[in-house]
Chemist: 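Just passing along the structure, written as structure tokens.
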Amino acid sequence: MCKSSELATRRQVAVARGVAGKAIYAAQARNAELWDVDGARFVDFTAGIAVTNTGHRHPKVMAAVAKQAEAFTHTCFHVAGDEGYLRLCERLNALLDTGSENKAICLTTGVEAVENAVKIARAATGRPGVVAFGGAFHGRTQLGMALTGKVMPYKKGFGPLPGAIFHAPYPNAFHGISVDEALRGLDTLLTADIAPEEVAAFIIEPVQGEGGFNVTPPAFLKALRERADRHGILLIADEVQGGMARTGRMFSIEHSGVKPDLVTLAKGLAGGFPLSAVVGRADLMDSPHPGGLGGTYAGNPLATAAANAVLDVIEEEGLCERAEHIGRRLKQALTRMAAVVGHEAIGDVRGLGAMVAFELVEAGDPAHPAPALCAEIVAEAERRGLILLSCGTRANVIRLLPALTIEDAILDEGIGLMQDAIRAVLGRVQKAA
Ligand SMILES: Cc1ncc(COP(=O)(O)O)c(C=O)c1O
């Protein structure tokens, strides 16, 4: 029995089945390559779901963490603060344009940042309501689930969920939902379900992650900003997946020119160490009373040391430009592929920067998703040595998230493997038809 199948057997016995996952067991990883316990090598187009944007074990990140570990690993910021936490907050405050002075707070996971952004918005406005959007993903806690716009596997059976959370339609041109139609839905919600004066915040991913790498049209974000300003509602940009240079800007909302009030960050923030943050307008961030925010591990010194190194690497290695370059290469390859295999199967190629995806459909029809085809391509790619991830409310989208530090040769190798996998699977499908 090879080691990974042995680990798979142990996993079945020891780990709750609710934790989904691939059958890959990592032994070693470097930049955009991963070796499993059986010695198989993979090109990694997932970066641990947009976490190791600076690659697995970037030398600068590793050195910063090792140096911090020599000094102390945990004091709890509430007990004894440290300069690394402060420096990180100062840097994030300077990077985000909200149109005013900013303040920040460090936390541990993405959903914890989302929870805290909502707490801050409610404290600042004195209002309970939060409006999220169809297909959104904001995490797996009770509030995260309530904000998430997809029932399976995230919400089913876990209720009752917290109240005062509403969902408005999300504009999706590929699925025939225009910006105007989505805005009409939002305006209906604000007359039929909750008064705008009772809404604390709109929360939106400028590029939906789990929902299918749907790029929110700038016109929609502008319209949200306009409604938010009109009604005293705050705009929270959930940048947990799309932030940290992934889309070619530090924050993905920058593409739209819209200024958010608060942003949530995690994943790519600390290059593989658990850290998240809320950054936003200082007047709002200071609304909760002392002691109302924080957490035992929030802003762990090893993680903030990693994050400060990540920010250095993003700047020194020009990772925003790199993200654009990688995204262009991926999109070109996929668009060519779609032209060759026909748009019958690859219905859409989309994304921003190095957050790229393609949607698989039947007979070129957006209304007919092809989740089985999607799963087959992911499995075939894995057999050939490329790790891919699916996403999408209909599980028919393949998302590409290579490290922004990926070498061109490895990127090309990964693209080649992906093309071979698509060709092989579509060839089998055609033969069977
Ligand atoms: C946009 C967005 N928000 C929140 C989360 C939750 O982050 P975490 O899994 O770290 O709690 C995710 C995770 O994928 C996400 O993509």
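We count ligands from 1, going down the list as the structure has it; atoms in each ligand are counted the same way.
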Chemist: Which is it for R140 and ligand 1 at heavy atoms under 4.0 Å: side chain, backbone, both or neither?
Modeler: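 R140 to ligand 1: no contact under 4.0 Å from either part.
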Chemist: Under 4.0 Å from a heavy atom of Q241: which atoms of ligand 1 are those, numbered in the order shown and with their elements?
Modeler: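 The list of qualifying atoms is 14 (O), 16 (O).
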Chemist: I'd like to know whether NZ of K103 has more than 12 heavy-atom contacts from other residues, nucleotides or ligands below 6.0 angstrom.
Modeler: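 For K103, atom NZ is not crowded (no more than 12 foreign heavy atoms under 6.0 Å).
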Chemist: Can you name the atoms of ligand 1, numbered from 1 with element, that are less than 4.0 Å from a heavy atom of E210?
Modeler: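 Listed by number with element, the hits are 14 (O).
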Chemist: Of all the atoms in ligand 1, which lie at a distance below 4.0 Å from a heavy atom belonging to G139?
Modeler: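 Within the 4.0 Å cut-off of G139, ligand 1 contributes 6 (C).
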Chemist: Could you check whether any heavy atom of E112 sits closer than 4.0 Å to an atom of ligand 1, since that is the contact criterion I want to use?
Modeler: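 No; E112 lies far enough from ligand 1 that no heavy-atom distance drops under 4.0 Å.
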Chemist: Does E316 CD have over 12 foreign heavy atoms under 6.0 Å away?
Modeler: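 Yes, the 6.0 Å shell around CD holds more than 12 heavy atoms from other groups.
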Chemist: If you count the atoms of ligand 1 from 1 in the order shown, which ones are under 4.0 Å from a heavy atom of V111?
Modeler: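 That gives atoms 6 (C), 7 (O), 8 (P), 11 (O) of ligand 1.
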Chemist: Determine the minimum heavy-atom distance between H138 and V114, stating which atoms define it.
Modeler: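 Distance-wise, the nearest heavy atoms are O-CG2, 3.7 Å.
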Chemist: Checking V425 now: which residues fulfil side chain to side chain contact (heavy atoms under 4.5 Å, CB included) with it, not counting sequence neighbours?
Modeler: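 L373, E376, I377, E380, R428, V429.
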Chemist: Can you tell me if D238 has a non-hydrogen atom under 4.0 Å from ligand 1?
Modeler: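 Checking ligand 1 against D238, which is what was asked, there is a heavy-atom contact under 4.0 Å.
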Chemist: If you measure only the distance, is there a donor-acceptor pair under 3.5 Å linking the side chains of E226 and H231?
Modeler: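 The criterion, which ignores hydrogens and geometry beyond distance, is not satisfied for H231 and E226.
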Chemist: Atom 7 (O) of ligand 1: which protein heavy atom is closest, and how many Å away?
Modeler: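 Heavy-atom neighbour on the protein nearest atom 7 (O) of ligand 1: G110 CA, 3.3 Å.
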Chemist: Give me the nearest non-hydrogen protein atom to atom 5 (C) of ligand 1 as residue plus atom name, then the distance to 0.1 Å.
Modeler: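 Its nearest protein heavy-atom neighbour is V240 CG1, 3.7 Å.
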Chemist: For E205, take its heavy atoms, then give the atoms of ligand 1 lying under 4.0 Å from any of them.
Modeler: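 That gives atoms 1 (C) of ligand 1.
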Chemist: Aromatic rings F133 and F220: how do their planes relate, parallel, tilted or perpendicular, breaks at 30° and 60°?
Modeler: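 Correct class here is perpendicular.
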Chemist: In terms of the angle between their ring planes, are Y154 and F137 parallel, tilted or perpendicular, with boundaries placed at 30° and 60°?
Modeler: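 Plane angle between 30° and 60°, so tilted.
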Chemist: Does atom 14 (O) of ligand 1 have any protein heavy atom closer than 4.0 Å?
Modeler: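 So far as the 4.0 Å threshold goes, atom 14 (O) of ligand 1 is in reach of a protein heavy atom.
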Chemist: How about NZ on K67, more than 12 heavy atoms from neighbouring residues, nucleotides or ligands closer than 6.0 Å, or not?
Modeler: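 Atom NZ in K67 is not packed in, count stays at 12 or less.
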